[in-house]
Amino acid sequence: MSASPEAPLGADLARELGIRFEDPALLELALTHRSFAFEQGGIATNERLEFLGDAVLALVVTDEIFHAHPDAAEGRLAKLRSAAVKTGSLARMARRIGLGRYVRLGRGETNSGGADKDSILADTFEALLGAYYLDQGYAAVDDLVRGLFRERLAELAGRGAALDYKTSLQEYVAATFESMPHYAVTDEGPDHEKVFTAEVSVAGRVVGHGTGRSKKEAEQEAAREAYLLLTTEG
């Protein structure tokens, strides 16, 4: 993706997020993956910004859940934070804001679907936060992160002891049906664009379907559908 003086790289992304950069070069750097930097002769990459953004994100999320759950034990808070900022969660957030359209990738990564890889999306999202922190300060990035993550954190808090749907479903089925859920997974497409489809059955009944870029993601989506169905019925 090329940038023009009138429209700096990522300007549309910033506009959609309702944020601004005094220094557009910081935003451009946040979107520069090492594969692109290598092909350009070794220009700077977003990895230092990713390092900074990871710390800023952890602090904001920690503060949010600490004050939202005044009676929760340290272990529960740690699990909530981990579930919120793990790679898969950050990649989903990045897809939600359309970040993949703006990442500068090398030809190899572009051809292998790098703009939709969880690791690249999550790392770039953290780099974006790091750049925004440097450009606008903590208060601005604090507002952005809380706005993006509040719904996600509320959802996680409502799941009970288990913070992923596959574990929640397994515990519910074991207690209610005295059995275990069964998953069947298929895939289609070339290796760099493979899509997985999962089906989960409980006591011989299909109760959930899911799709994803990985087997794990598809199973989680199927488990989510099944868990919501079964707990509503129950």
Aromatic rings Tyr138 and Tyr133: how do their planes relate, parallel, tilted or perpendicular, breaks at 30° and 60°?
perpendicular
Quick one: pull up OH in Tyr132 and CG in Leu27 and give me the separation to the nearest 0.5 Å.
11.0 Å
Angle between ring planes, Tyr227 versus Tyr172, binned at 30° and 60°: parallel, tilted or perpendicular?
perpendicular
Within the 4.5 Å heavy-atom criterion, are Leu105 and Ile120 side-chain neighbours or not?
yes
Would you compute the distance between atom CZ of Arg150 and atom CD1 of Ile65 and round it to the nearest 0.5 angstrom?
13.5 Å
Determine which pairs satisfy salt bridge (charged side-chain N to carboxylate O under 4.0 Å, His left out) with at least one residue from residues 122-138, sequence neighbours left out, and list them in order.
none
More than 12 heavy atoms of other groups within 6.0 Å of Arg107 CZ:
no
Less than 4.0 Å between a side-chain N and a carboxylate O, is that true for Glu16 and Arg101?
yes
Determine whether Leu134 and Leu49 make a side-chain contact, defined as any pair of heavy atoms from C-beta on separated by less than 4.5 Å.
yes
One thing to verify: whether Asp118 and Lys86 come together as a salt bridge, which I'm taking to mean a side-chain N less than 4.0 angstrom from a carboxylate O.
no
Mind checking the CZ-CG spacing from Arg96 to Leu90? Nearest 0.5 Å is all I need.
12.5 Å
When rounded to the nearest 0.5 Å, the distance separating OG1 of Thr45 from CG of Leu31 is 12.5 Å
Presence of salt bridge, Arg213 and Asp116, under 4.0 angstrom:
yes
Applying salt bridge (Lys or Arg N to Asp or Glu O under 4.0 Å), name anything that partners Asp54, two or more places apart in sequence or on another chain.
none
Within a reach of under 6.0 Å around NZ of Lys216, are more than 12 heavy atoms found that belong to other residues, nucleotides or ligands?
no
Under 3.5 Å, is there a donor-acceptor pair between the side chain of Ser112 and the main chain of Glu109?
yes
Looking at side-chain heavy atoms only, is the closest gap between Leu57 and Phe149 below 4.5 Å?
yes
By salt bridge (Lys or Arg N to Asp or Glu O under 4.0 Å) - contacts of Glu225 (at least two apart)
none
Side chain to side chain donor-acceptor pair (under 3.5 Å): pairs with one or both residues in residues 180-189, sequence neighbours excluded
Asp187-Lys194
Got a sec: does the CZ of Phe177 have more than 12 other heavy atoms crowding it under 6.0 Å?
yes
So do Gln136 and Ile19 actually touch side chain to side chain, heavy atoms under 4.5 Å?
no
Do any N or O atoms from the side chain of Gln220 and from the backbone of Tyr165 form a donor-acceptor pair under 3.5 angstrom?
yes
Would you give the length of the straight line joining atom CG of Leu128 to atom CG of Asn46, rounded to the nearest 0.5 angstrom?
10.0 Å
Rounded distance [0.5 Å steps], OG1 in Thr211 versus CD in Glu217
7.5 Å
Check: residues 195-206 side-chain donor-acceptor pairs under 3.5 Å, at least two apart:
| unit_1 | atom_1 | unit_2 | atom_2 | d |
| --- | --- | --- | --- | --- |
| Glu199 | OE1 | His209 | NE2 | 3.4 |
| Arg205 | NH1 | Glu233 | OE1 | 3.2 |
| Arg205 | NH2 | Glu233 | OE2 | 2.7 |

Can you tell if the side chain of Arg104 reaches within under 4.5 Å of the side chain of Ile43, non-hydrogen atoms only?
yes
Is any side-chain heavy atom of Ile97 closer than 4.5 Å to one of Leu148?
yes
Residues passing the salt bridge (Lys or Arg N to Asp or Glu O under 4.0 Å) test with Glu219, sequence neighbours excluded, are Lys166
Under 3.5 Å donor-acceptor, His33 side chain and Ser35 backbone:
yes
Ignoring hydrogens and geometry, is there a side-chain-to-backbone donor-acceptor pair from Thr62 to Ala58 under 3.5 Å?
yes
Is there a side-chain contact between Glu64 and Leu153 in this structure, where contact means two heavy atoms from C-beta onward sitting under 4.5 Å apart?
yes
More than 12 heavy atoms of other residues, nucleotides or ligands under 6.0 Å from CZ of Arg95: is that the case?
yes
